[in-house]
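Fair warning: this is a prediction, and the values are worked out from it, not measured in the lab.
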Amino acid sequence: LLPPKWTTIRVNSLHFETRDVISNLKQLIGSKFDVTEHPRLRDVVVVSGSKAELSDAGCLGRVVVDQKCGKAVLRGADLFSPGVKGLPHLQAGSRVSVHVDIDQKCKRGEKQYNGSTLHIANGVLKLTRFDIFKKMITSGIAVEITERRIELPSLNGILEDQIFLQNLPSIVTSHVLNPQPGDHVLDMCSAPGGKTTHIAQLMGDRGTVIALEKVQNKVEKLKANIGKQNLNCIRVFKCDSTRAFSEGSTDSLQPPFGREAFDRILLDPPCSAMGQRPQLINTLKLSEISSYPSYQWCFVADAVKMLKYGGTLVYSTCTLPKQENEMMVAKILKTFPEMRLVSAEPLIGQPGIVVEGLSVKDVGMVQRFLPNSDSNSSFDVDTIGFFIAKFLKCKLPYR
């Protein structure tokens, strides 16, 4: 799957006006790309890209890159030296084609790789084979990209205090949670911080957002993004969310937390990530995919306990299998009668899939985004794959 041809940008609405950000973006990226405000989400800016057919005619050689590097190039970046795996003897300035190693069998330093690859871009060679593999230059542009399968602006490092690059469904998720000033909110799996910082902005930076992340380098990335957005109400803890609840605790400010500690909880648990784009290679085995629902349930069970009565739980994933999405919703409703499914508004995605335990009405209250790559699709359709469901915790009986 190639990336969406639309780049969605969330505005730091706490400190900047959308119209001013649009003006600043237009000045930086020029007239090649259209920059507009999303018609329904006033804190979202949409930048249009375009898809093109590539030809390696006129290219003197093929540069083979790893998947991570290939994804960055498809998103608008130049090709940097650490991602180069194979490169023939060519002079700097030569026109080259860039190919992703699909089989992941290209050995670093190969001159001519004949395995399966995907042609993603063309460009001008800046660092030679000698520079990369002999002099071991590990930074700098190896190939300056001149054309790619999808033309997108490179926005990394631009207006970092004003914007946050974020997929549209991820932005929608925080609007579905609908946090209010003064709320006490838990984001159980918060890195890299897109939803966390958005929640804080929607609250006007008033109240408390507890952000949990168990991996140290992700914690540092999370803190850096919070700092760039100039937010003060977020408290970050290095913590495994499956251990964030303790039956005997009465704490609501640091883990472990007790029962009914939060007004709203966002749960975007680890998932099989089959909706992510670009996705050039998927190495997950069936056994790995099938293991996710039971792991996700560990988060869900504790989230329900930590949520106040009258509180809101939003469950989201960036994957496609119904076992991690609609079937999880059905299990929540069956296991916890106090949890009521409510409409995940604003409804921008499509309805969910009917499964045992969910009616047609039920699946109309959740939303699915499918990874549609049709060149004529709108920005609300040409997205990553994603799922969102919203619950209200009610005193029984709630009907």
Side-chain angles (χ1 to χ4, degrees), residues 10 164-167 169-177 179 183-203 208-226 229 231 233-246 252 254-257 261-276 284 288-289 291-307 311-321 323-325 328-329 331-332 344 369 384-391:
R10 178 172 54 77
F164 197 101
L165 299 180
Q166 196 171 357
N167 289 302
S170 179
I171 299 172
V172 172
T173 302
S174 299
H175 280 290
V176 172
L177 186 67
D183 276 350
H184 194 53
V185 181
L186 174 63
D187 186 350
M188 294 183 70
C189 305
S190 54
K195 299 183 193 71
T196 309
T197 54
H198 193 196
I199 290 167
Q201 287 166 12
L202 292 173
M203 293 166 58
T208 307
V209 180
I210 303 293
L212 305 184
E213 175 53 53
K214 72 175 184 177
V215 180
Q216 184 60 42
N217 66 328
K218 292 184 177 182
V219 169
E220 298 306 319
K221 179 68 172 177
L222 171 61
K223 289 181 177 179
N225 283 329
I226 293 168
Q229 299 283 292
L231 295 163
C233 75
I234 303 171
R235 300 184 62 178
V236 178
F237 294 95
K238 181 179 181 294
C239 174
D240 181 347
S241 284
T242 62
R243 300 178 180 178
F245 170 76
S246 176
S252 64
Q254 63 181 13
F257 306 107
F262 296 96
D263 300 300
R264 299 174 198 266
I265 296 178
L266 172 61
L267 174 55
D268 191 291
C271 69
S272 55
M274 295 178 70
Q276 286 289 10
L284 282 177
E288 293 176 285
I289 296 172
S291 70
Y292 276 101
S294 59
Y295 183 46
Q296 291 158 348
W297 187 251
C298 297
F299 295 85
V300 169
D302 283 351
V304 172
K305 295 171 187 174
M306 291 186 287
L307 184 65
T312 298
L313 169 66
V314 169
Y315 174 87
S316 65
T317 73
C318 60
T319 196
L320 304 175
Q323 291 84 353
E324 298 179 62
N325 297 321
M328 186 66 67
V329 170
K331 186 176 181 180
I332 291 172
F369 293 82
I384 65 169
F386 211 85
F387 178 84
I388 308 171
K390 181 176 182 178
F391 302 87

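- In terms of modelled atom types and a separation under 3.5 Å, the side chain of T197 and the main chain of I226 share no donor-acceptor contact.
- Between the side chains of Q201 and R10, a donor-acceptor pair is found at a separation under 3.5 Å.
- Here the closest heavy-atom approach between residue Y292 and residue P270 is recorded as CD2-O, 3.7 Å.
- In plain terms, the two heavy atoms of F386 and S170 that are nearest each other are CZ-CA, 4.1 Å.
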(request) Give the intermediate values and the outcome of side-chain contact (heavy atoms from CB on, under 4.5 Å) for residues I210 and Q254. (result) CA-CA 8 Å; I210 303 293; Q254 63 181 13; over 6 Å; no
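- Closest heavy-atom contact between I265 and A303: CD1-O, 3.3 Å.
- For the side chain to side chain contact (heavy atoms under 4.5 Å, CB included) test with F387, the passing option among L320, V329, T319 is V329; the others fail.
- The two residues L222 and A211 make their nearest non-hydrogen contact at CD2-CB, 4.1 Å.
- Using a distance-only test at 3.5 Å, with no hydrogens or angles considered, a donor-acceptor pair links the side chain of K390 to the main chain of V176.
- Here the side chains of Y315 and V300 are in contact, with some heavy-atom distance below 4.5 Å.
- Enclosure of atom NZ in K305 by more than 12 non-hydrogen atoms of other residues, nucleotides or ligands within 6.0 angstrom is indicated.
- Note that NZ of K214 is 9.5 Å distant from NZ of K238, once rounded to the nearest 0.5 Å.
- Taken to the nearest 0.5 Å, the NE2 atom of H175 stands 10.5 Å off from the CD1 atom of I388.
- Residues S316 and K195 have side chains in contact (heavy-atom distance under 4.5 Å, counting atoms from C-beta outward).
- Taking 4.5 Å as the limit, every side-chain heavy atom of F245 sits out of range of all side-chain heavy atoms of P256.
- Here the side chains of F369 and I384 are not in contact, with every heavy-atom distance at 4.5 Å or above.
- Put simply, the side chain of E213 gets close to the backbone of V215: a donor and an acceptor are under 3.5 Å apart.
- Under the side chain to side chain contact (heavy atoms under 4.5 Å, CB included) test applied with V314, the options D268, T173, L267 reduce to a single match, T173.
- Between T317 and N325, the side chains place a donor N or O and an acceptor N or O closer than 3.5 Å (distance only, hydrogens not considered).
- Residues M203 and I199 have side chains in contact (heavy-atom distance under 4.5 Å, counting atoms from C-beta outward).
- Using a 4.5 Å heavy-atom cutoff, the side chains of V209 and H184 are not in contact.
- Closest approach of Q166 and G194 over heavy atoms only: NE2-C, 3.4 Å.
- Taking 4.5 Å as the limit, every side-chain heavy atom of D263 sits out of range of all side-chain heavy atoms of T312.
- Ring centroid separation for the pair F257 and F262 comes in under the 6.0 Å cut-off.
- Closest approach of V185 and P179 over heavy atoms only: CG2-CB, 4.4 Å.
- Proximity of S174 to L202: side-chain heavy atoms (C-beta onward) are separated by under 4.5 Å at one or more points.
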(request) Would you sort out whether Q323 and M328 count as a side-chain contact (heavy atoms from CB on, under 4.5 Å), showing the intermediate values? (result) CA-CA 6 Å; Q323 291 84 353; M328 186 66 67; over 6 Å; no
(request) Please report the C-alpha distance between F164 and H198 in whole Å, then the side-chain angles of each, then the deciding distance to 0.1 Å, and finally whether the side-chain contact (heavy atoms from CB on, under 4.5 Å) criterion is met. (result) CA-CA 9 Å; F164 197 101; H198 193 196; over 6 Å; no
(request) Take M274 and I289, measure what side-chain contact (heavy atoms from CB on, under 4.5 Å) needs, and give me the verdict at the end. (result) CA-CA 9 Å; M274 295 178 70; I289 296 172; 3.9 Å; yes
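- Counted by atom type alone, S272 and E288 present zero donor-acceptor pairs between their side chains at under 3.5 Å.
- Rounded to the nearest 0.5 angstrom, T208 OG1 and D183 CG are separated by 9.5 Å.
- A donor-acceptor pair under 3.5 Å is absent between the side-chain atoms of R264 and the main chain of L186, judged by distance alone.
- Proximity of a side-chain donor or acceptor of D240 to a complementary backbone N or O of T242 within less than 3.5 Å is detected.
- To the nearest 0.5 Å, atom CG of residue L307 and atom CG of residue L313 are 6.0 Å apart.
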